[in-house]
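Residues take their numbers from the sequence shown, with the count starting at 1.
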Amino acid sequence: MTEDTTTDLPLLVATEKTSPPNWAVLQRRLIDAIDEAAPIFLDKYTRPGGALVWREDYPGDGVWADDLYEAFFNWPQYHALGGSDYCGEKSLVQWNAITRQLAVDYGRVTDEFVNDDDWFHNAENYIYFYHLGMADPTNREMMRRARRFAGFYTSEDPTTPNYDPQHRVVRSPFSGSKGPLFDARFADVSYNLDHGHTTLGPGFALTAGWQDDEQQRRAVHDRFNEVVMHSDVPVNLSIVPLVATAFMYTGDTSYRDWIAAYVGAWLQRTIDNDGILPDNVGPGGVIGERRQGQWWGGFYGWTGRFGHQMVSCSLTIAAEAALLVTGDHGHLELLRTYLDLLIDKAERKGEKLRVPHKHTDDGWTDFGPMLQLAPIHLWTASMADVDLVRLERLRAGYEDEWAQVRQHGPRSQDDRAWTRYLEGDLPDYPERILQANYREVCDRTAKVLADEQDLTTLDVHWWQQVNPVVPEALVQLATGGPEPIYWGGLAQGRVRYFDAERRRAGLPPDVAALVTSLKADSVGLTLVNLSATKARSAIVGAGSFAEHAFGSVRGGGQELEVDGTHLQVDLPPGTGIELEAGMSRYCQRPTFAHPWHERSVIPFR
């Protein structure tokens, strides 16, 4: 049995009676609304064993596994924030059920892992898996899965040679439990060329109607295999959080070392390419090896229809995960170099900076506003002045857009107004974003209740469009971090919470939390207990994965030296407390362990 460490936690006690702040009441009402809506959604769209009510025959290569996982992808994250026990229990049930459905009914999963798809879509699958560790790290089977899944890429499993450690390349843009895919499915060839997600390299031009001519089809397919399928691409950096997940379950340093080597390889390639991230690297680790030295044109790369979004998200989640597991801020240079390159190539229209979203044979093209996720995540990770100045440059001329608070779903992430709140410009942001999220939950639930379509033939994206779990405001306000990037990112909270009485992740009942300030060496935080009759005890953790450490903490007329990763705050009925906590960031080994576990040993069940 592992030692219970919570009895020794530093303790603060709230003494100030409080009139309930509007944000606190709205936050708890949002949690109540999601808790009420989640069972309605699940009961409507799943069979008794948890499988989604859908067609029995798989529709083909135009549908990816992520489309099914996305129905419940954020349920474990929501539970870890303070959502219901029901959401926590069902998040695991549904992951198992969907994995089984994809394996048995649709043949897209082997050994509980996707067969061989690209890592833009795979990342949408496995963000679900990563958050299960935050909800309950003691599940032995999930730990074993994390090790097995990581092993598909760290050369632990010789039957799945996805990675070449000598050249530090993932050997194909399509990979998984069946190893690297070198002979593309023709549907993927046609789809990705038609949608502009890749090119066939110099000297090969597509002709009109090529799909209808057998000889041309074969020539295109062969060229696709040669040029596209035998290359490493930046989107493969989305594998990094998968390996980080195994590290946080186990502490095995081989996972950390793999991450440092692979992320470091991409940074070195950028340096070697005159500061420009190449979008294709051949089997020998050479830039443009299969494209006559051309560094653009790769799968989901510089010429891609959504290349800016896909590449920037992959770089961001890899840099964040590398920083998390190593504590080395140098890994952020991978993302910083990419963003500064775009700014260097940008054009100005008045005050507005418009960066190139593509590089083609014609040079830098498709100018428009930089997508905001990457620069915001970089700033919150580094807290460096240079990264804040970059945000201000990108915001210039777009101030109205950065101040808007919109109602939207989990896939349409937007942290811009939240950054303005942190800088003191939008004091009413907490109430506005909580109200917007509440309206979104209500609208999605209304669609579920009114849904009379044949569920066996519904569009595969429908579930993600009506999933009523909308935790955006909870993430930003309670944890003090941007939302995890939808395409495979890990949680980025400056703090997280545990219920000391119920021994589970998340805010205790009746307790609301608001991060009011972020600095490189501190965090400002308000906690409120809305119950008029019950005392609550919240444990506050430093970082989403105990990767930070608290220093001196002041609040309620008290001051104490924490010098550790957790502190307990007791909240008598109707009280609140404002905390100013000193913090050293990225100084601890990240772990899924909860505060009542020994840090070095998670008690797997």
Side-chain angles (χ1 to χ4, degrees), residues 118-120 162-175 180-184 188-189 192-193 195-207 210 219-239 261-308 310-312 314-315 318 333-342 344-345 355-367:
D118 69 81
W119 267 93
F120 178 74
N162 289 309
Y163 183 68
D164 176 356
Q166 178 182 356
H167 299 106
R168 294 188 291 175
V169 296
V170 175
R171 300 173 64 214
S172 172
F174 290 71
S175 62
L181 183 66
F182 296 130
D183 185 7
D188 285 331
V189 176
N192 286 298
L193 291 175
H195 287 79
H197 292 316
T198 189
T199 73
L200 296 177
F204 195 101
L206 287 173
T207 58
W210 66 269
V220 169
H221 200 159
D222 289 345
R223 177 73 170 191
F224 193 94
N225 288 341
E226 176 190 355
V227 173
V228 178
M229 299 301 286
H230 287 79
S231 62
D232 195 1
V233 295
V235 169
N236 281 339
L237 281 160
S238 299
I239 297 164
Y262 187 56
V263 174
W266 276 104
L267 178 56
Q268 187 60 52
R269 291 161 190 163
T270 300
I271 294 170
D272 293 344
N273 198 43
D274 297 326
I276 302 173
L277 176 81
D279 69 13
N280 67 99
V281 176
V286 177
I287 295 168
E289 185 174 347
R290 292 291 178 106
R291 294 176 175 270
Q292 301 175 31
Q294 192 179 77
W295 52 260
W296 64 91
F299 185 71
Y300 285 160
W302 283 108
T303 61
R305 182 181 178 188
F306 303 113
H308 177 45
M310 295 175 176
V311 170
S312 65
S314 298
L315 294 177
E333 285 302 311
L334 178 65
L335 178 58
R336 190 175 285 125
T337 302
Y338 170 79
L339 297 178
D340 286 343
L341 169 71
L342 295 181
D344 181 63
K345 303 298 182 183
V355 303
H357 285 211
K358 290 184 179 182
H359 184 283
T360 69
D361 294 349
D362 297 322
W364 300 101
T365 64
D366 282 35
F367 289 82

Separation of [Y] [atom2] from [X] [atom1] (nearest 0.5 Å):
| X | Y | atom1 | atom2 | answer |
| --- | --- | --- | --- | --- |
| Leu339 | Leu315 | CG | CG | 8.0 Å |
| Asp366 | Thr303 | CG | OG1 | 10.5 Å |
| Thr270 | Arg336 | OG1 | CZ | 13.5 Å |
| Asn280 | Ile287 | CG | CD1 | 8.5 Å |
| Phe224 | Leu200 | CZ | CG | 7.5 Å |
| Leu342 | Leu277 | CG | CG | 9.5 Å |

Please examine the side chains of [Y] and [X], heavy atoms only from C-beta on, and report whether any two atoms are closer than 4.5 Å.
| X | Y | answer |
| --- | --- | --- |
| Leu237 | Leu334 | yes |
| Thr337 | Leu341 | no |
| Leu193 | Trp210 | yes |
| His357 | Phe306 | no |

Closest approach of [X] to [Y] (non-hydrogen atoms, all atoms of both residues):
| X | Y | value |
| --- | --- | --- |
| Asn162 | Ser175 | OD1-CB, 3.2 Å |
| Arg291 | Val228 | NH2-CG2, 3.7 Å |
| Phe299 | Pro173 | CD2-CB, 3.7 Å |
| Phe204 | Ala219 | CZ-O, 3.9 Å |

So, using side chain to side chain contact (heavy atoms under 4.5 Å, CB included) as the criterion, who are the partners of [X] when residues are at least two apart?
| X | answer |
| --- | --- |
| Glu289 | Pro283, Val286 |
| His221 | Asp183, Ala184, Phe186, Val189, Arg218, Asn225 |
| Ser172 | Phe174, Pro180, Phe182, Met229 |
| Ala265 | Arg168, Arg269 |

Exercise for the section: Look at the rings of Phe120 and Tyr300 and say which category their plane angle falls in: under 30° parallel, 30 to 60° tilted, over 60° perpendicular. Expected result: perpendicular

Practice task
State whether the side chain of Asp279 and the backbone N or O of Trp302 hold a donor-acceptor pair below 3.5 Å, judged by distance alone.
Solution key: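 Judged by distance alone, yes, a pair lies under 3.5 Å.
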
For [X], what residues pass the side-chain hydrogen bond (donor to acceptor under 3.5 Å, both in side chains) criterion, not counting sequence neighbours?
| X | value |
| --- | --- |
| His167 | Asp164 |
| Arg290 | none |
| Asp272 | Gln268 |

Exercise for the section: Sequence neighbours left out, what passes ring pair (Phe, Tyr, Trp, His ring centres under 6.0 Å) with His359? Give chain and number order. Expected result: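 Here the qualifying residues are Trp295, Trp296, Trp364.
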
Problem - With sequence neighbours excluded, residues passing salt bridge (charged side-chain N to carboxylate O under 4.0 Å, His left out) with Glu226 - result: none

Handout entry: For Asp340, salt bridge (charged side-chain N to carboxylate O under 4.0 Å, His left out) partners two or more places apart
Key =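 Checked Asp340 against salt bridge (charged side-chain N to carboxylate O under 4.0 Å, His left out); matches are Arg390.
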
Problem - Where at least one partner belongs to residues 293-308, residue pairs that pass salt bridge (charged side-chain N to carboxylate O under 4.0 Å, His left out), sequence neighbours excluded - result: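 Qualifying pairs: none.
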
Fill in the blank from the handout: In short, side chain to side chain donor-acceptor pair (under 3.5 Å) pairs touching residues 228-238 with sequence neighbours left out are Asp232-Asn236, Asp232-Tyr262, Ser238-Ser314

